[in-house]
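Worksheet: one structure, shown below.
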Number of protein chains: 4
Amino acid sequence: MNLEIALRMCEAALKQAGREGALISVAVVDAGGHLVTFQRMEGAEIAGPVLAPGKAYTSVAHRRTTAELGRLTAPGKELSGLAGDRFVCFGGGIPLWADYGEGERVVGGIGVSGGTVAQDVACAEAAAEVWRTG
Amino acid sequence: MNLEIALRMCEAALKQAGREGALISVAVVDAGGHLVTFQRMEGAEIAGPVLAPGKAYTSVAHRRTTAELGRLTAPGKELSGLAGDRFVCFGGGIPLWADYGEGERVVGGIGVSGGTVAQDVACAEAAAEVWRTG
Amino acid sequence: MNLEIALRMCEAALKQAGREGALISVAVVDAGGHLVTFQRMEGAEIAGPVLAPGKAYTSVAHRRTTAELGRLTAPGKELSGLAGDRFVCFGGGIPLWADYGEGERVVGGIGVSGGTVAQDVACAEAAAEVWRTG
Amino acid sequence: MNLEIALRMCEAALKQAGREGALISVAVVDAGGHLVTFQRMEGAEIAGPVLAPGKAYTSVAHRRTTAELGRLTAPGKELSGLAGDRFVCFGGGIPLWADYGEGERVVGGIGVSGGTVAQDVACAEAAAEVWRTG
């Protein structure tokens, strides 16, 4: 993960937010879950600086989209005991994979917050697409 | 609890992880819930350093497996208000009992995280078996 | 404070870091101390995501540069009891002022971390200059 | 950083502790500051599980030994405002460097706690020596 591609991922997320009519925050973290870049649109809620990095970190920590983690932590499901502040378990976080010679590893994550969950997911997907296509 | 047997429990958990094809973290804590040893396999997720000690601590704190605690904290069940970051309430944590002359007491705990819940439980069980058989 | 000018401030801070030969993180926060944008240069330390937003927040919270706050919190000085994790009390944070018709108010802050304190201050100053000159 | 070499570093630290007559905890973290392994000797204090990982994380976060950071955070020194719980600023933490093709980077850290500071430093040095000599 580096700042240059992280900024391009943010740009793609914000462009998608414009199409969605959503006001979002977007975060990109490295393999350790530490922030590389963050951007909050004018007018986006102050929960964004908490939730966008939180979703990005969570997607790295569990190597899953936070949408999938949301399904696994629903009442009666395998990880329902995972609730709490530490991990953000609903859509908008996507882990980023790469193979630098040791097999596929999670090397970073994206998190988007501020719109509806569907909008957050769409914006995060737009950013992840930048990652996948280089 | 001491480091020597804690290391042997880790070894058993990691060996079981190999059989399961899982990448795990394993933690052993003492009667105070404080870490004695911790090991994270190469490639295992960074949630492990949070969740494995968390499960070990939780199993000591409640004198129950975290799997059992997961059932008790399900919606509508007796302890459903226990959710939060403090206790990790799904399978992979096992309390360790001993009788040093004052009756059976919990003297430590094991926590495993990183695989499926079933894999985590199997690895923790392998470690607990070392404890039981000395 | 808005994202557009915040990004221009980041750009100025990073350009100054290049001149200084420093690897930095830079954060811009709003009047509520909440993150607007953050950028960490490739190779910059992981304390940056903690300290750069911390300095920016601290400069807003106290309406002072964190360098000045460092002097005030020195042993024997007026605010020496302020030490702790909540506020970051050494150079690199600068409050941003504006008069939107109600007199001069602090409307945001910049924080830089990763270089020497002198480098952090120089980078934050370069960003603040963008703010002052519009 | 991987578990195999981390365990060998722990072994070296514990062997040095034996020579010093100290009861210690030792932690090894990765480039993100996340725990790879931890060992606490029988009879070592329960502050160890807090301070040893804390020193290891701090040495990674600041790319300095915690001893050096202790000097920089002394009253009147450049970083005296860094005090708090987040970073552990006295001897016993050592960053570990490697060049995997992008220049020298901090790829992990060691932290030792439980003895005198001089003993902690000696044990951490013994572990770091294993890293340096492969």
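Note on naming: letters A, B, ... go to the chains in the order of the sequence lines (proteins, then strands), and numbering restarts at 1 for each one.
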(message) Quick check on the interface: out of C/Pro53, C/Pro49, C/Ala6, who has the most heavy-atom pairs with chain A under 4.5 Å?
(response) C/Pro49
(request) Might you confirm whether atom CG of C/Leu72 has over 12 heavy atoms from other residues, nucleotides or ligands at distances under 6.0 Å? (result) yes
(message) Quick check for you: among C/Gln39, C/Glu4, C/Met41, which has the greatest number of heavy-atom pairs under 4.5 Å with chain A?
(response) C/Gln39
(message) Are there over 12 heavy-atom neighbours, none belonging to A/Arg19, within less than 6.0 Å of that residue's CZ?
(response) yes
(request) Would you name the heavy atoms of C/Met1 and A/Glu42 that are closest together and state the gap between them? (result) O-OE2, 4.5 Å
(request) Using side chain to side chain contact (heavy atoms under 4.5 Å, CB included) as the criterion, point out the one residue from A/Asp30, A/Asn2, A/Thr37 that pairs with C/Arg40. (result) A/Asp30
